[in-house]
> 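Attaching a single structure in C-alpha cells format; questions to follow.
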Amino acid sequence: MRWNQRITIKDLPLYIGQTVTLPGWIQFSRKSSQVRFLGFRDGSGLIQALLIKGETPEEVFGLWSELRQEASVSITGEVAACEQGPLGVEIKVSHIDILGTGGDFPLGRKEHGPDFLHNLRHLWLRSKKQVALFQIRDQVIQAIHEFLWSQSFVKMDSPILTGTVGEDPKGLFKLDYFDLGPAYLAQTGQLYLEASIFAHGRVFCFGPTFRAEKSKTRRHLAEFWMLEAEMAFFDAQDNIDLQEDLIHFILNRVLERCLAPLEVLERDLAPLKRSLEPFVRLDYKEAVKLLAQIGPLLVDGDDLGATHETALGEHFGKPVFVMDYPKAVKAFYMKEHPEEPTRVKCADLIAPEGHGEIIGGSQREEDIDKILARLAEAGLAPETYDWYLDLRRYGSVVHSGFGIGLERLVGWMAGMHHIRECIPFPRMMERLTP
RNA sequence: UCCCCGAUAACUCAGUUGGUAGAGUAGGCGACUGUUAAUCGCCCUGUCGCAAGUUCGAGUCUUGCUCGGGGAGCCA
C-alpha cells in the first residue's frame, strides 16, 4: 500500500464496522476485571482501544503487562462507534504486535515541575497538551505564509551568519569565521529585506533569530523564530493596517481550525474573539497620559516597560498599537517624525492578558543624511553600513516593515504562561540540551 | 548584570522550639462489568543539592558554592 493510502486514526470514522490495522503508541492504559482500555496514538489522533474478556483472544488479553505507556504497537481490530471521544469511534482489539517496549516512562499523568519537564523535553513533546500546542503553532505558521503569499509577498531568506551588526552591538552570539575574524548569529534579517524590496516590492523572511541577552523572563528566549516583512511604498499607516489584517487572519484561522487543541489547553476563547475587533491605536503621548491615570506612571521620553505594556493590554482587553515613540529609545533606521523630529514613525503591538509586545515595526528612514547623523549619534561606524547606505543612493523610496516574535504570538493565542513551551526545543541562558 | 524565592523518595510536596524523615502520585501485587487524573486494599521507595561551621545532636541554624524558579533591564 502506498504511503498516502494508509489508514490513520483520524480516518477511522469512515471505517466503522471494518477491521483495520494501525501502528502507533500507547498513551495510557487502564483496566478493570472485564474490560481493559488503551489510549492509542499515531500522530494523526488519539483513540481508545478495548480488550474485552471473552471477546478478545486470550493471548492478546495476556499481553497486558507489556502494553505499557509509550510502547509502540501495531493494533488490529474492528472499528466501532462510541459516544465518548472526539472522533466518536473506538477500536475492539483482535490482535496486537509489540513493535518496541515501553519501560518505565518517566512522565506520568500528574504534575511535574518546569526543570524536570525541560530536561525531558524530547519525551514531553509526546504529551497531549504539547501536541495540542504545536498543532496551534503549525497553523499559525501556515496562516502567516498563506496570508503573505496571497498578498504578493516574496519569501527572501536572510543570512543567519552575518558580519554586519544589525542594531545592537551587544547581545550578539559571536563565533570565528574562517580568516575573516568574528561573525555573528543574526538578530534580524531586516537590513537584508530592505535590500530585497527594490527587487520584489513586498518581501518577508521567517527563521531563527538569536539574542545573547541574559534574559530570564517568561517572554524571552536566546533563540526564537521571527517573521519579518518589508514593503516598498508602505508608510507607517499602511504598515499598521497590514499588521492588523495579518493578525486577524491568523486569529481567524486558529479559531477555525484549532478549537480542539485550544480546548485541550483550556484556553478561554473570549479574549481571542474580542481581539477580532479593530485594534486600539494609541499615540505614544496618549499612552503617557493614559498611564498617568491608570498607572504605572510612564515618564515622557522613556520606553515602555513590561508593567506599562501589561497595564495597557489589561485596560483595553485587546491588542494595542503604541505609535511614534521618542527617537532616543528606538533604532537608527526608523523614520524621523515629519512634524516632531524628536520622535520616529514606529509602532509596537502589545497583546492583551500580559503577553506583552508581539510586533515591533516602523517606517524606515529613506534620507541618507539623516541615517548618517543617527549612526554617528549611536556611535556606530558608517563604513559597516556602507552596503545598506547604497539602498538610499539608488532609487530610495518610502518603505516600512515589522517583525513578529512567533513564540510570543503563539503564547498569546494558546494562552501559555511562558513562551519557552512554545518552541520545540527552547534555548535559554541555562539550557542548551536536549 | 541586579533583586526575590527554592533544592527532602522516580514525580509533586509537607516536615512544629534543633532530637536520624512523611503524604499523594508513579511502580509492584490483588479486587472491581465501560474506564476518562477511574476507584479500593496491601507492598516497595531516601547521599534531605555540595562543602564547611555552630551544637551532645542539623532536613531544620550560619557561611560559601552549584543548580533551578520568578521578576527587572533589553527586546520579538
Side-chain angles (χ1 to χ4, degrees), chain A residues 27-39 46-55 65 68-69 80 82-86 90 92 102-120 124 127-129 166-172 187-190 206-229 243 296 302-310 325 329-331 348-351 354-361 402-412 417-420 422-423 428-431:
Chain A
Q27 185 112 359
F28 61 83
S29 59
R30 269 189 287 274
K31 68 169 183 172
S32 61
S33 66
Q34 304 300 310
V35 191
R36 297 178 175 184
F37 305 92
L38 294 173
L46 178 67
I47 198 173
Q48 191 157 261
L50 285 81
L51 292 86
I52 301 166
K53 195 157 199 168
E55 242 179 86
S65 63
R68 309 179 67 174
Q69 187 185 2
C82 74
E83 305 258 315
Q84 304 100 319
E90 59 191 9
K92 291 180 175 170
D104 290 324
F105 195 70
L107 296 171
R109 314 193 69 192
K110 287 279 181 172
E111 58 206 319
H112 297 291
D115 187 42
F116 179 77
L117 287 170
H118 279 284
N119 286 334
L120 295 172
W124 185 25
S127 70
K128 202 176 168 188
K129 285 194 173 183
E167 36 191 290
D168 183 3
K170 281 170 283 200
L172 287 163
Q187 270 192 328
T188 168
Q190 184 201 315
F206 191 24
T209 302
F210 306 90
R211 303 277 164 97
E213 294 286 344
K214 292 189 174 178
S215 299
K216 281 183 75 174
T217 83
R218 76 175 97 104
R219 296 183 305 282
H220 289 87
L221 294 168
E223 177 182 306
F224 66 95
W225 283 67
M226 182 157 67
L227 166 82
E228 290 177 279
Q243 291 166 39
D302 283 1
D303 202 359
L304 273 73
T307 51
H308 303 115
E309 292 177 359
T310 302
Y325 283 63
V329 302
K330 289 291 180 183
D348 289 347
L349 182 65
I350 294 162
H355 290 276
E357 183 183 340
I358 54 173
I359 302 184
F402 61 91
I404 299 183
L406 178 69
E407 289 77 15
R408 287 187 182 177
L409 181 64
V410 172
W412 164 46
H417 181 69
H418 201 305
I419 68 165
R420 67 189 159 197
C422 299
I423 186 166
M428 294 174 290
M429 234 168 94
E430 304 289 353
R431 192 173 295 282

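Just so you know, these numbers come straight off a predicted model, no measurement behind them.
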> For A:Gln34, what residues pass the side-chain contact (heavy atoms from CB on, under 4.5 Å) criterion, not counting sequence neighbours?
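Checked A:Gln34 against side-chain contact (heavy atoms from CB on, under 4.5 Å); matches are A:Lys53.
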
> Remember a base hit wins even if backbone is also touched, and classify A:Asp348 as base, sugar-phosphate or nothing at under 4.0 Å, heavy atoms.
nothing

> What integer number of Å spans the P atoms of B:G68 and B:U8?
14 Å

> Hey, are the side chains of A:Gln48 and A:Cys82 touching, using non-hydrogen atoms and a 4.5 Å cut-off?
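Sidechains of A:Cys82 and A:Gln48: no contact.
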
> With a cut-off of less than 4.0 Å, is there a side-chain N or O of A:Ser32 near OP1 or OP2 of B:U35?
no

> Categorize A:Glu90 for me: base, sugar-phosphate, or nothing, with a 4.0 angstrom heavy-atom threshold over every strand shown.
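Contact class for A:Glu90: base.
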
> Could you tell me whether the side chain of A:His220 has a donor or acceptor atom within less than 3.5 Å of a complementary atom in the base of B:C75?
yes

> Say we look at B:U55 and B:U17: how far apart would their C1' atoms be, to the nearest angstrom?
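Rounded to whole Å, the distance is 15 Å.
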
> Using the C1' atom in both, what is the distance from B:U45 to B:U12, to the nearest Å?
15 Å

> By nearest atom, which of the nucleotides B:A72, B:U12, B:U33 is closest to the A:Phe116 side chain?
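Nearest nucleotide to the side chain: B:U12.
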
> If you assign A:Val35 and A:Ser65 each to the RNA chain B nucleotide with the nearest heavy atom, which residue ends up on the more 5' nucleotide?
A:Ser65

> Test for a donor-acceptor pair under 3.5 Å between the base of B:G27 and the side chain of A:Gln69, counting only N and O atoms.
no

> Looking only at side-chain N and O atoms, does A:His417 offer a donor or acceptor that is under 3.5 Å from a partner on A:Arg218?
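Yes, A:His417 and A:Arg218 have a side-chain donor paired with an acceptor closer than 3.5 Å.
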
> Measuring only between side-chain heavy atoms, which start at C-beta, is A:Tyr325 closer than 4.5 Å to A:Asp348?
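In contact.
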
> Donor-acceptor check, side chain of A:His118 to backbone of A:Asp115, threshold 3.5 angstrom: yes or no?
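No.
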
> Below 4.0 angstrom from OP1 or OP2 of B:A72, is there any side-chain N or O of A:Arg219?
yes

> So, is A:Arg218 near the phosphate of B:G71, with a side-chain N or O under 4.0 Å from OP1 or OP2?
yes

> Indicate, with a heavy-atom threshold strictly under 4.0 Å, whether A:Gly113 touches base, sugar-phosphate, or nothing.
sugar-phosphate

> Any sub-3.5 Å donor-acceptor pair from A:Arg408's side-chain atoms to A:His355's backbone N or O?
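Checked: no pair found.
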
> Give the rounded distance in Å between these two atoms: NE2 of A:His308 and P of B:A72.
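In whole Å, B:A72 P and A:His308 NE2 are 12 Å from each other.
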
> Considering only the P atoms, how many Å lie between B:A58 and B:U16, rounded to the nearest integer?
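Per the computed distance, 16 Å lies between those P atoms.
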
> Looking only at the aromatic ring of each residue, does the gap between the centers of A:Trp124 and A:His112 stay below 6.0 angstrom?
no

> Which whole number of Å gives the distance between the C1' atom of B:G46 and that of B:A10?
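The answer is 12 Å between these two C1' atoms.
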
> Under a 3.5 Å cutoff, is there a donor and acceptor pairing between the side chains of A:Thr188 and A:Glu228?
yes

> CG of A:Asp115 versus C1' of B:A10: gap in Å, rounded?
15 Å

> Just the rounded figure in Å: distance from P of B:A76 to CD of A:Gln190.
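For the pair A:Gln190 CD and B:A76 P, the rounded distance is 9 Å.
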
> If I pick the C1' atom on B:U25 and the same atom on B:C40, what distance separates them, to the nearest angstrom?
16 Å

> Counting side-chain heavy atoms from CB outward, which of B:G34, B:C75, B:G73 is closest to A:Thr217?
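So the nucleotide nearest the side chain must be B:G73.
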
> So what does A:Lys216 hit on the nucleic acid, given a heavy-atom distance under 4.0 Å: a base, only sugar-phosphate, or nothing?
base

> Ignoring backbone atoms, test whether A:Arg420 places a side-chain nitrogen or oxygen under 4.0 Å from the OP1 or OP2 oxygen of B:G69.
yes

> A:Leu120 CG to B:C11 P: how many Å, rounded?
9 Å

> Got A:Glu55 and A:Val35 here, is their nearest side-chain heavy-atom distance under 4.5 Å?
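Heavy-atom side-chain distance check fails, nothing below 4.5 Å.
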
> Applying a 4.0 Å non-hydrogen cut-off, can you work out what A:Gly305 is touching in the nucleic acid: base, sugar-phosphate, or nothing?
sugar-phosphate

> Mind checking the C1' distance from B:A23 to B:C50? Whole angstroms is fine.
27 Å

> Looking at the base of B:C67, is there any donor atom on it, or on the side chain of A:Arg431, that sits under 3.5 Å from an acceptor on the other one?
no

> Pick base, sugar-phosphate or nothing for A:Leu221, based on heavy-atom distances below 4.0 Å to the nucleic acid.
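Base contact.
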
> Heavy atoms under 4.0 Å, any strand shown: does A:Ile358 hit a base, just sugar-phosphate, or nothing?
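Result for A:Ile358 = sugar-phosphate.
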
> Output the rounded distance in Å from CH2 (A:Trp124) to C1' (B:A10).
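Interatomic distance, CH2 of A:Trp124 to C1' of B:A10: 18 Å.
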
> Expressed as a whole number of angstroms, how long is the span from A:Met226:CE to B:A76:C1'?
6 Å

> Consider the side chain of A:Asp104, meaning its heavy atoms from C-beta on, and name the nucleotide among B:G27, B:A72, B:C75 that approaches it most closely.
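Selected nucleotide (nearest to the side chain): B:G27.
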
> Under 4.0 Å, counting only non-hydrogen atoms across every strand here, what does A:Glu407 touch: a base, just sugar-phosphate, or nothing?
nothing

> Within a strict 4.5 Å, meaning less than it, do heavy atoms of the A:Arg420 and A:Leu221 side chains meet?
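Yes, close enough: below the 4.5 Å cut-off.
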
> Need one value for A:Ile359: base, sugar-phosphate or nothing, where a base atom within 4.0 Å counts as base even if backbone is also close, heavy atoms only.
sugar-phosphate

> When you compare the ring of A:Phe37 with the six-membered ring of B:G34's base, are the centres less than 5.5 Å apart and the planes under 30° from each other?
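Answer is no, no stack.
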
> In dot-bracket form, 5' to 3', how is RNA chain B paired? Count Watson-Crick and G-U wobble pairs only if both distances fall under 3.5 Å, and write | where the partner sits on another strand.
(((((((..((((.....[..)))).(((((.......))))).....(((((..]....))))))))))))....

> A:Ser127: what forms a side chain to side chain donor-acceptor pair (under 3.5 Å) with it, not counting sequence neighbours?
none

> Would you indicate what A:His418 reaches in the nucleic acid, counting non-hydrogen atoms under 4.0 angstrom: base, sugar-phosphate, or nothing?
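It contacts sugar-phosphate atoms only.
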
> Rounding to an integer number of angstrom, what distance separates B:C11 and B:U54 when you compare their C1' atoms?
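Those two atoms are separated by 35 Å.
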
> Quick one: A:Leu38 CG to B:A38 P, roughly how many Å, whole number?
13 Å

> Can you identify which nucleotide, out of B:C75, B:G27, B:U36, has its nearest atom closest to the A:Gln48 side chain?
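Out of B:C75, B:G27, B:U36, the nucleotide with an atom closest to A:Gln48's side chain is B:U36.
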
> Closest-nucleotide mapping onto RNA chain B: is A:Phe105 or A:Lys214 further toward the 5' terminus? I mean the 5' end.
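Here A:Lys214 is the residue nearer the 5' end.
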
> Using whole Å, report how far OH of A:Tyr325 lies from C1' of B:C74.
14 Å

> Counting side-chain heavy atoms from CB outward, which of B:G27, B:G69, B:C74 is closest to A:Arg68?
B:G27

